[in-house]
Number of protein chains: 2
Amino acid sequence: MTQETTQAAGRPRNAEASDALKREALRLVREQGYGVSIAAIIKAAGVSRQTLYNRWSTKAELLLDALFELADMQVAIPDLSQPGPRRAVLTTYMREVFHHVRKDADLLRIFISQAQSDPAFRAVLYDRFVEPRDLIVVDVLRDAQARGEIAQDRDPALISAMIHGAFWYRLLLDLPLDDDFAAALVEDAFRGAA
Amino acid sequence: MTQETTQAAGRPRNAEASDALKREALRLVREQGYGVSIAAIIKAAGVSRQTLYNRWSTKAELLLDALFELADMQVAIPDLSQPGPRRAVLTTYMREVFHHVRKDADLLRIFISQAQSDPAFRAVLYDRFVEPRDLIVVDVLRDAQARGEIAQDRDPALISAMIHGAFWYRLLLDLPLDDDFAAALVEDAFRGAA
DNA sequence: ACAATTAATAGACCGCAGTCTAATAATGAA
DNA sequence: TTCATTATTAGACTGCGGTCTATTAATTGT
């Protein structure tokens, strides 16, 4: 048991090839847009076509991995053990999400686009991007309910869908996702007496 | 002045070719999905490739025209001169929108998808689909505000973005768009005292 | 009749993502 | 050492949307 993971038979994968592919793919897409060709990516990474397709089944899956690994996509999960109004917590969270998204908004739009004609990719995107963020917002909203900040009879999952939906709607229509919009969204979601 | 519109010089366009293209394109896409090839569409329509591209610049634009002309995409605009709560009016409207969308949900998802890599198509989709529906909802919400059904300090455009956003969010995630969801959406949008 | 103009046709062509093939390279096991 | 196994490589190949070319057809104006 000297190797980190159980060593399979045969020639091992070249980890540097994986790193180079992710790095060069993300760099080229940021520089030239998603239209950059696979040929250009493998040339920049110095590997063959098959080496890419041994690791990822589509360009979109390569870029999704690249973005999650090389861009700091992960936003800090709100700490609900701390005191203070949950409305402020959610505003801060959504502002951070928008902030991170703004840097690679084009790529995120392309991911949602690709998911529409590739069910496998839709599932991956859902598991890695959509559901985690949805669960975080639902948790904050439930806590807000417990604290009496929003009415008991409302459905946190529905509110989360409206917040994330408005986020996607503006993203896909190429409209700005700024701090004011995040605040307005949360304000409206928390509006009214508990 | 015997012709309906001013007759340009040269050979006139064959209107039947346009009709056949829209009809066969929509039929084939409904039967086989958007992946159906241009070659199959022009063969079914009995025209040449160039005849299609003389009329539409992409497959998506052909299908958008086809859907708007051949599927009854237009939902009745709510009559705000009638009495009665605007909440019910909006619920009915959103249910009708969902009902129409359900028949060609795959195609609508593809339109949003294509709009992400084709700015010209995004503009067309926005003008013909997004903005008209947005304006209708904003009008109903403004009327609801005037009638005291929702608070004066809320922003109808934001509420519409949350409603349509949640609609798109569920559409793009391939989750059901049913009557219950329409009602829940409108109920939450109208919640709280005016 | 004839010229000018625009449409329609068949089919070649381009660049693309993704697949496939055949040869070679690197590893563990026997 | 040899074998089995998996990775890598170069490059051919497929099917696609969309473009381009050359030829022919239909219309208006003179």
Side-chain angles (χ1 to χ4, degrees), chain A residues 1-21 24-25 28-29 32-64 66 110-111 113-121, chain B residues 1-21 24-25 28-29 32-64 66 110-111 113-121:
Chain A
M1 197 154 87
T2 50
Q3 57 278 347
E4 303 174 25
T5 67
T6 46
Q7 172 72 31
R11 176 175 178 174
R13 278 202 181 161
N14 179 357
E16 169 54 26
S18 305
D19 293 344
L21 279 165
E24 296 305 314
L28 287 169
V29 164
Q32 304 175 26
Y34 191 77
V36 72
S37 70
I38 295 287
I41 292 170
I42 61 176
K43 186 177 171 192
V47 303
S48 77
R49 210 173 182 75
Q50 189 58 45
T51 295
L52 191 164
Y53 286 103
N54 279 345
R55 291 163 171 72
W56 297 278
S57 57
T58 62
K59 193 165 136 184
E61 297 207 348
L62 162 60
L63 266 302
L64 185 65
I110 292 293
F111 288 157
S113 169
Q114 294 299 298
Q116 303 314 308
S117 52
D118 181 346
F121 184 70
Chain B
M1 196 151 92
T2 51
Q3 58 276 351
E4 303 174 25
T5 66
T6 45
Q7 173 72 31
R11 178 175 176 173
R13 279 204 181 158
N14 179 357
E16 169 54 26
S18 305
D19 292 345
L21 278 165
E24 297 304 316
L28 287 169
V29 164
Q32 304 174 26
Y34 191 76
V36 72
S37 69
I38 294 287
I41 292 170
I42 62 176
K43 186 178 172 190
V47 304
S48 76
R49 211 174 181 75
Q50 190 57 46
T51 295
L52 191 165
Y53 286 103
N54 278 346
R55 292 163 169 73
W56 298 277
S57 56
T58 62
K59 192 166 135 183
E61 296 207 348
L62 162 61
L63 266 302
L64 185 66
I110 292 293
F111 289 158
S113 170
Q114 294 298 302
Q116 303 313 309
S117 52
D118 181 346
F121 184 69

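Atom set for the values below is all heavy atoms of this structure, side chains included, hydrogens, waters and symmetry mates excluded. Lettering of chains follows the sequences in order, A, B, ..., and the numbering in each one begins at 1.
- Checked against dG17(D), dA7(D), dA17(C), the side chain of Lys59(A) finds its nearest nucleotide in dA17(C).
- To the nearest 0.5 angstrom, Tyr34(B) atom OH is 7.0 Å from Phe111(B) atom CZ.
- Atom pair Arg49(B):CZ and dA12(C):P shows a separation of 12 Å (rounding to whole Å applied).
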**Message:** Please determine whether side-chain contact (heavy atoms from CB on, under 4.5 Å) holds for the pair Tyr53(B) and Ile42(B), giving the CA-CA distance in whole Å, both sets of side-chain angles, and the decisive distance to 0.1 Å.
**Reply:** CA-CA 11 Å; Tyr53(B) 286 103; Ile42(B) 62 176; over 6 Å; no
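- Here dT9(C) is the nucleotide among dT9(C), dT8(D), dG18(D) with the atom lying nearest to any side-chain atom of Thr51(B).
- Distance from the side chain of Pro12(A) is smallest for dA26(C) among the nucleotides dT9(D), dA17(C), dA26(C).
- Distance, Ile41(B) CD1 to dC16(D) P: 11 Å, rounded to whole Å.
- For Arg13(A), taking side-chain heavy atoms from C-beta onward, the closest of the listed nucleotides dA17(C), dG18(D), dA7(D) is dA7(D).
- Listed for the Arg55(A) side chain is no donor-acceptor partner under 3.5 Å among the backbone atoms of Leu21(A).
- For the pair Leu21(B) CG and dA8(C) C1', the interatomic distance rounds to 12 Å; values are reported in whole Å.
- Annotation: of the two residues near DNA chain C, Asp118(A) and Val47(B), the 5′-most nearest-nucleotide partner is Val47(B).
- Put simply, the residue from Leu28(A), Ile110(A), Val29(A) that forms a side-chain contact (heavy atoms from CB on, under 4.5 Å) with Leu63(A) is Val29(A).
- Between Asn54(A) and dT6(D), a side-chain N or O to OP1/OP2 separation shorter than 4.0 Å is absent.
- Nucleotide dA8(C) holds its P atom 9 Å from the CD atom of Gln50(B), rounded to whole Å.
- Checking Arg11(B) against Tyr34(B), the closest nucleotide of DNA chain D that is more toward the 5' end is the one next to Tyr34(B).
- A straight line from CZ of Phe121(A) to P of dA17(C) spans 15 Å, rounded to a whole angstrom.
- Taking atom CG of residue Leu52(A) and atom P of nucleotide dT19(C), one finds them 11 Å apart after rounding to whole Å.
- With dA17(C), dA26(D), dT8(D) as the candidates, the nucleotide lying closest to the side chain of Ile38(A) is dA17(C).
- If you take NZ of Lys43(B) and P of dA8(C), they are 21 Å apart, rounded to a whole angstrom.
- Distance from the side chain of Asn14(A) is smallest for dT8(D) among the nucleotides dC16(C), dC16(D), dT8(D).
- Regarding Ile42(B), its CD1 atom lies at a distance of 14 Å from the C1' atom of dA12(C), rounded to whole Å.
- Formation of a donor-acceptor pair under 3.5 Å by the Lys59(A) side chain with backbone atoms of Ala25(A) is not found in this model.
- The side chain of Arg55(B) contributes an N or O atom lying less than 4.0 Å from OP1 or OP2 of dA8(C).
- For Ala9(B), taking side-chain heavy atoms from C-beta onward, the closest of the listed nucleotides dT21(C), dG18(C), dT5(C) is dT5(C).
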